[in-house]
*Asks:* 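This is the structure I have questions about; it appears just below.
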Amino acid sequence: DVKVTQSSRYLVKRTGEKVFLECVQDMDHENMFWYRQDPGLGLRLIYFSYDVKMKEKGDIPEGYSVSREKKERFSLILESASTNQTSMYLCASSLGAVYNSPLHFGNGTRLTVT
Amino acid sequence: DQQVKQNSPSLSVQEGRISILNCDYTNSMFDYFLWYKKYPAEGPTFLISISSIKDKNEDGRFTVFLNKSAKHLSLHIVPSQPGDSAVYFCAAISGNTPLVFGKGTRLSVIA
């Protein structure tokens, strides 16, 4: 069974801090994604990666960056946290195209920026 | 511009009855559609999918219907159970682009 692990379930950070959200998957998936979930806004794609050292902007990349140095790990970085980045962050992975392999999600990190 | 729309933020259904969750899309290039279910404090889990070459796909109590001409799909849950209470996300894809999700519908099944 695919396991996508997000390092923290809950995180509280101060405005201006640099924040790292870590995600690891154990099934050798090529594709990894970061979404955020907000009430009334659904799931919005921040960044994604189809290969090691590769990254693509999603729909809302502003204020974020990512790092994928190893296939199994995809990190989301908030360069200078702001209160409007308080949200539930969800990491996901898939093996190849979604037609053959649906996205598998981690349990999320609820980030609060004060 | 929202490409995948779930116009009902919430839905309440009696246990044992049918739940119907609706989803509309605007991008005619979408060729594969998925439904995900999400419980609080957990990540979404894949529920059921349908290819654009089909108009129906069934998996146990869950059936997804696709009406391409209307750009509409629906998820039917029969019979509904209290454990089905969750947020349901509709998602769509074309080619190698990432999934596009709707805003979700919160289903409450009342015992």
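All chains are named by letter (A, B, ...) in the order of the sequence lines, taking the proteins before the strands, and each is independently numbered beginning at 1.
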*Asks:* Quick check: does any side chain N or O of A/R44 sit under 3.5 Å from a backbone N or O of B/F101, one acting as donor and the other as acceptor?
*Replies:* no
*Asks:* Where on B/Y36 is there a heavy atom nearer than 4.5 Å to chain A: the side chain, the backbone, both, or neither?
*Replies:*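 It is the side chain, since no backbone atom gets that close.
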*Asks:* Identify the two heavy atoms, one from B/F89 and one from A/G42, that lie closest to each other, and give their separation to 0.1 Å.
*Replies:*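 Heavy atoms of B/F89 and A/G42 come nearest at CE2-CA, 3.9 Å.
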*Asks:* According to a 4.5 Å side-chain heavy-atom criterion applied to Ile, Leu, Val, Met, Phe, Trp and Tyr, with indirect links allowed, do B/F65 and B/L47 form part of one hydrophobic cluster?
*Replies:* no
*Asks:* Looking at B/M29, I want to see if its CE is surrounded by more than 12 non-hydrogen atoms of other residues, nucleotides or ligands under 6.0 Å.
*Replies:*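 No.
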*Asks:* Just do the side chain to side chain contact (heavy atoms under 4.5 Å, CB included) check on B/T97 and A/E56 with the steps written out, would you?
*Replies:* CA-CA 11 Å; B/T97 59; A/E56 292 278 352; over 6 Å; no
*Asks:* Treat each ILVMFWY residue as a node, draw an edge where side-chain heavy atoms are under 4.5 Å apart, and state whether A/Y35 and A/L11 are in one component.
*Replies:* no
*Asks:* Do other residues, nucleotides or ligands put more than 12 heavy atoms under 6.0 Å from the CZ atom of B/R17?
*Replies:*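 Not buried by this count: 12 neighbours or fewer within 6.0 Å.
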*Asks:* Within this structure, what is the CG-CZ distance for the pair B/L99 and A/F48, rounded to the nearest 0.5 Å?
*Replies:*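 If I round to the nearest 0.5 Å, the distance is 11.0 Å.
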*Asks:* Would you say that B/P98 contacts A/Y50 through its side chain, given a criterion of any heavy-atom pair below 4.5 Å between the two side chains?
*Replies:* yes
*Asks:* Is it true that B/F62 and B/L73 fall in one hydrophobic cluster, defined by side-chain heavy atoms closer than 4.5 Å?
*Replies:*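 Same hydrophobic cluster.
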*Asks:* Taking all non-hydrogen atoms of both residues, which atom of B/G43 and which atom of A/L90 are closest, and how far apart?
*Replies:*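 Scanning both residues, the minimum pair turns out to be CA-CD2, 3.9 Å.
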*Asks:* Given the options A/N107, A/D59, A/N31, which has more heavy-atom pairs under 4.5 Å with chain B than any of the others?
*Replies:*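 Of A/N107, A/D59, A/N31, A/N107 has the most heavy-atom pairs under 4.5 Å with chain B.
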*Asks:* Inspect the surroundings of NZ in A/K71 and state if more than 12 heavy atoms from other residues, nucleotides or ligands are less than 6.0 Å away.
*Replies:* yes
*Asks:* For A/L43 and B/P44, which heavy atoms make the closest approach, and how far apart are they?
*Replies:*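 A/L43 and B/P44 have their closest heavy atoms at CD1-CG, 4.2 Å.
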*Asks:* Looking at B/S49, B/G104, B/G95, B/S51, which has the largest count of heavy-atom pairs under 4.5 Å with chain A?
*Replies:* B/G95
*Asks:* If you measure from OG1 on B/T45 to CG on A/L103, what distance do you get to the nearest 0.5 Å?
*Replies:* 12.0 Å
*Asks:* For the NZ atom of B/K38 and the CZ atom of A/F105, what is their distance to the nearest 0.5 Å?
*Replies:* 10.0 Å
*Asks:* Report whether B/Y32 and A/L95 are members of the same hydrophobic cluster (ILVMFWY, side-chain heavy atoms less than 4.5 Å apart, transitive linking).
*Replies:* no
*Asks:* Would a single hydrophobic cluster contain both A/I46 and A/M32, if residues Ile, Leu, Val, Met, Phe, Trp and Tyr are joined by side-chain heavy-atom contacts under 4.5 Å?
*Replies:* yes
